[in-house]
Amino acid sequence: MSHTSQTLMPLGSEEPPSSTPIPSPPNPSPNSTSAALHISFNQDSGCFAVGTDQGFRIYNCDPFREIFRRDFGHGGGIGLVHMLFRCNILAFVGGGSDPRYPADRVMIWDDHQSRCIGELSFRSEVKGIRLRRDRIVVVLGHKIFVYNFSDLKVLHQIETIANPKGLCEVSHHLENMVLACPGLQKGQVRVEHYASKRTKFIMAHDSRIACFNITQDGLLLATASSKGTLIRIFNTLDGSLLQEVRRGADRAEIYSLAFSPTAQWLAVSSDKGTVHVFNLKVDSGLLGHERSHNTSESSPTSPSAALSLSFIRGVLPKYFSSEWSVAQFRLQEGLQYNVAFGHQKNTIVILGMDGSFYRCQFDTATGGEMKQLEYYNFLKPEETF
């Protein structure tokens, strides 16, 4: 493991000094095409990073444009790439058929020096990475390591159930780090509150956990199981179920869950080719110990929909009293899409593994089909931004 001091600067603000002895990666051929191996939003969803079979690229979401790319050519596959907000420090893992680095190493890259300034090596393949300004979280198949960013020292190790997707999320508030990861039981999520040194285990589903996310402050957790029909919202402090919404009736693979910055909305993408937006009826003031313990464990939401069907509860399936999404956007079925809320009001950004970038707007009053505002393909060389 090696490490040198890091200097955090905005990406794209300046080029590496001309005196730097390490040459920059070769410029991409204008006609070269790359396949996406991994896509991830940065911590505030204002940018996203793409790992390709030849390197990595960074894009700005609003306005949409490519900030920069590093193409390493053949033998340059990057299988995981994560940004640290908008600074010059990134973390990545080699991937694809011709990886640049081994799959069991996390490389800390300083783009102003165009080189790796740190390296974390493991005995098994790295499944996921999460970054905070003060921490690096590395996810393996059955274990999670939490490192101090400044000196790369291990601070915490967590055992998990088999975690092939590398599921793990961390909050981004500096004063209070919250980490969510799979527990040791099927359907269980473990939540670590580092400030209060508390661990909470939440039995979220009967089936295995397929996807989850937390709010930026770590107080809310959204979960989906391998069935992909229901999404549940939990209070991470006491583990209580706050709300349950329904994506659909048939089984689906949930690819991503995203909270809006104010936790008023939740976006969900799946292999069914539809992005859903749900209205969350969670009062953040109720979170914490003072929250009433009398809250129903079913669906403590707007009484109108629930009460109107209360007389037939127990006769008809729960399906009929479910909360459905207020807005939807149709995409190609079977493709993997990541979603996040845009910085413009009531907008969604959707990223496809095929290179598609969509910005859509939903109407909070009427709901229904979202309006497509923009579309680009960020993998096509002929498109300039």
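Reckoned from all heavy atoms, side chains included, excluding hydrogens, waters and symmetry mates.
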For residues Ile108 and Ile89, determine if any side-chain heavy atom of one lies less than 4.5 Å from a side-chain heavy atom of the other. yes
Does the side chain of Gln344 pick up a donor-acceptor pair with the side chain of Asp62 at under 3.5 Å? yes
So, does Arg132 use its side chain to make a donor-acceptor pair with the main chain of His173 at under 3.5 Å? yes
Cation-pi check, Arg100 onto Phe72 ring (under 6.0 Å, within 45° of axis): yes
Okay, side chain of Arg232, backbone of Ala204: is any donor-acceptor separation there less than 3.5 Å? yes
With no hydrogens and no angle check, is any side-chain donor or acceptor of Ser121 less than 3.5 Å from a backbone partner on Arg105? no
So which heavy atom on Arg135 is nearest to which on Asn148, and how close? NH1-OD1, 3.0 Å
Checking side-chain polar atoms at under 3.5 Å, does Tyr194 have a donor or acceptor matched by the opposite partner on His156? yes
Between Asp250 and Arg247, does any NZ, NE, NH1 or NH2 come within less than 4.0 Å of an OD or OE carboxylate oxygen? yes
Does the distance from a Lys or Arg side-chain N to an Asp or Glu carboxylate O, for Arg330 and Glu369, drop under 4.0 Å? yes
Go through it in stages, so that I can follow the logic: the residues are Met83 and Cys47, the test is side chain to side chain contact (heavy atoms under 4.5 Å, CB included), and I'd like the CA-CA distance, side-chain angles, deciding distance and then a yes or no. CA-CA 9 Å; Met83 302 175 66; Cys47 298; 3.7 Å; yes
Ion pair present between Glu253 and Lys165, side-chain N to carboxylate O less than 4.0 angstrom? yes
Kindly indicate whether the side chain of Phe149, heavy atoms from C-beta on, has any atom under 4.5 Å from the side chain of Leu84. yes
Can Phe41 and Val349 be said to form a side chain to side chain contact (heavy atoms under 4.5 Å, CB included), step by step? CA-CA 10 Å; Phe41 285 100; Val349 174; 3.9 Å; yes
From CZ (Phe122) to NZ (Lys127), nearest 0.5 Å: 13.5 Å
Backbone N/O of Lys281 and side chain of Gln243: donor-acceptor pair under 3.5 Å: yes
Cluster question for you: counting only ILVMFWY and a side-chain heavy-atom cut-off of under 4.5 Å, with indirect links fine, are Ile161 and Leu140 together? no
How about His205 and Thr223: does a side-chain donor come under 3.5 Å of a side-chain acceptor? yes
Looking at Gln43 and Leu131, would you say the former's side chain and the latter's main chain have a donor-acceptor pair under 3.5 Å? yes
Taking side chain as C-beta onward, heavy atoms only, is His193 less than 4.5 Å from Leu237? yes
Heavy-atom closest contact (Met370 atom, Val275 atom, distance): CE-O, 3.8 Å
With the 4.5 Å side-chain cut-off for hydrophobic clustering, are Ile136 and Ile117 part of the same group? yes
Taking the six-membered ring of Phe85 as reference, does the cationic atom of Arg133 (NZ for Lys, CZ for Arg) lie under 6.0 Å from its centre and within 45° of its axis? yes
Shortest non-hydrogen pair, Ile144 vs Cys181, comes out as CD1-CB, 3.3 Å
Nearest-0.5 Å distance, CG of residue Asn377 to OG of residue Ser356: 7.0 Å
If Ile, Leu, Val, Met, Phe, Trp and Tyr residues are connected whenever their side-chain heavy atoms lie under 4.5 Å apart, and connections chain through other members, are Val139 and Leu37 in the same group? no
Can you tell me if His343 uses its side chain to pair, donor with acceptor, with the backbone of Asp44 under 3.5 Å? yes
Are a donor atom and an acceptor atom from the side chains of Gln361 and Thr347 found within less than 3.5 Å of each other? no
Tyr59 side-chain N/O to Phe378 backbone N/O, donor-acceptor pair under 3.5 Å: yes
Keeping the roles fixed (side chain from Ser225, backbone from Gly187), state whether a donor-acceptor pair exists under 3.5 Å. no
Applying side chain to side chain contact (heavy atoms under 4.5 Å, CB included), run through Asp111 and Arg70 and close with a yes or a no. CA-CA 9 Å; Asp111 202 71; Arg70 300 287 179 251; 2.6 Å; yes
Flag, side chain of Asn60 to backbone of Phe64, donor-acceptor distance under 3.5 Å: no
What's the shortest heavy-atom distance between Ser171 and Ile214, and which atoms? N-CD1, 3.5 Å
Can you tell me how far CZ of Phe259 sits from CD of Glu169, rounded to the nearest 0.5 angstrom? 10.5 Å
Looking at Phe329, Trp265, Phe278, which hits ring-ring contact (aromatic ring centres under 6.0 Å, His included) with Phe362? Trp265
So NE2 of His82 and CZ of Phe48: to nearest 0.5 Å the spacing works out to 14.0 Å
Would you call Ile348 and Val277 a side-chain contact if the rule is heavy atoms closer than 4.5 Å? yes
Separation between CZ of Arg246 and CD1 of Ile231, rounded to the nearest 0.5 Å: 9.5 Å
Separation between CD (Gln188) and CZ (Arg208), nearest 0.5 Å, reads 16.0 Å
Any side-chain heavy atom of Ile39 sitting closer than 4.5 Å to one from Met353? yes
When you measure from the side chain of Thr52 to the backbone N and O of Ala35, does any donor-acceptor pair fall under 3.5 Å? no
Under 4.5 Å side-chain heavy-atom separation, chaining through any Ile, Leu, Val, Met, Phe, Trp or Tyr, what else clusters with Tyr255? Say none if it is isolated. none
Within-4.5 Å side-chain heavy-atom neighbours: Met107 and Leu120: no
Could you walk me through whether Val126 and Leu80 pass the side chain to side chain contact (heavy atoms under 4.5 Å, CB included) check? CA-CA 9 Å; Val126 176; Leu80 294 174; 4.2 Å; yes
State, with a plain yes or no, whether a side-chain heavy atom of Ser325 is found less than 4.5 Å away from one of Val245. no
Candidate list Ile158, Ile129, Leu179, Thr160, test side chain to side chain contact (heavy atoms under 4.5 Å, CB included), partner Cys168, passing option: Leu179
Taking the six-membered ring for Trp, are Phe357 and Tyr376 parallel (under 30°), tilted (30 to 60°) or perpendicular (over 60°)? tilted
If we count only N and O atoms by modelled type, under 3.5 Å, do the side chains of Asn88 and Asp110 hold a donor and an acceptor together? yes
Are any of the side-chain heavy atoms of Val146 and Val154 separated by less than 4.5 Å? no
Taking all non-hydrogen atoms of both residues into account, name the closest pair between Thr229 and Ala249 and its distance. CG2-O, 3.7 Å
Minimum heavy-atom distance between Ala258 and Ala340, given as atom pair plus value: CB-CA, 4.0 Å
How about Arg86 and Asn42: does a side-chain donor come under 3.5 Å of a side-chain acceptor? no
Should Val178 and Val170 be regarded as members of a common hydrophobic cluster, given that ILVMFWY residues are connected when their side-chain heavy atoms come within less than 4.5 Å of each other, either directly or indirectly? no
Treating Ile, Leu, Val, Met, Phe, Trp and Tyr as nodes and any side-chain heavy-atom pair under 4.5 angstrom as an edge, say whether Val137 and Phe92 lie in one connected cluster. no
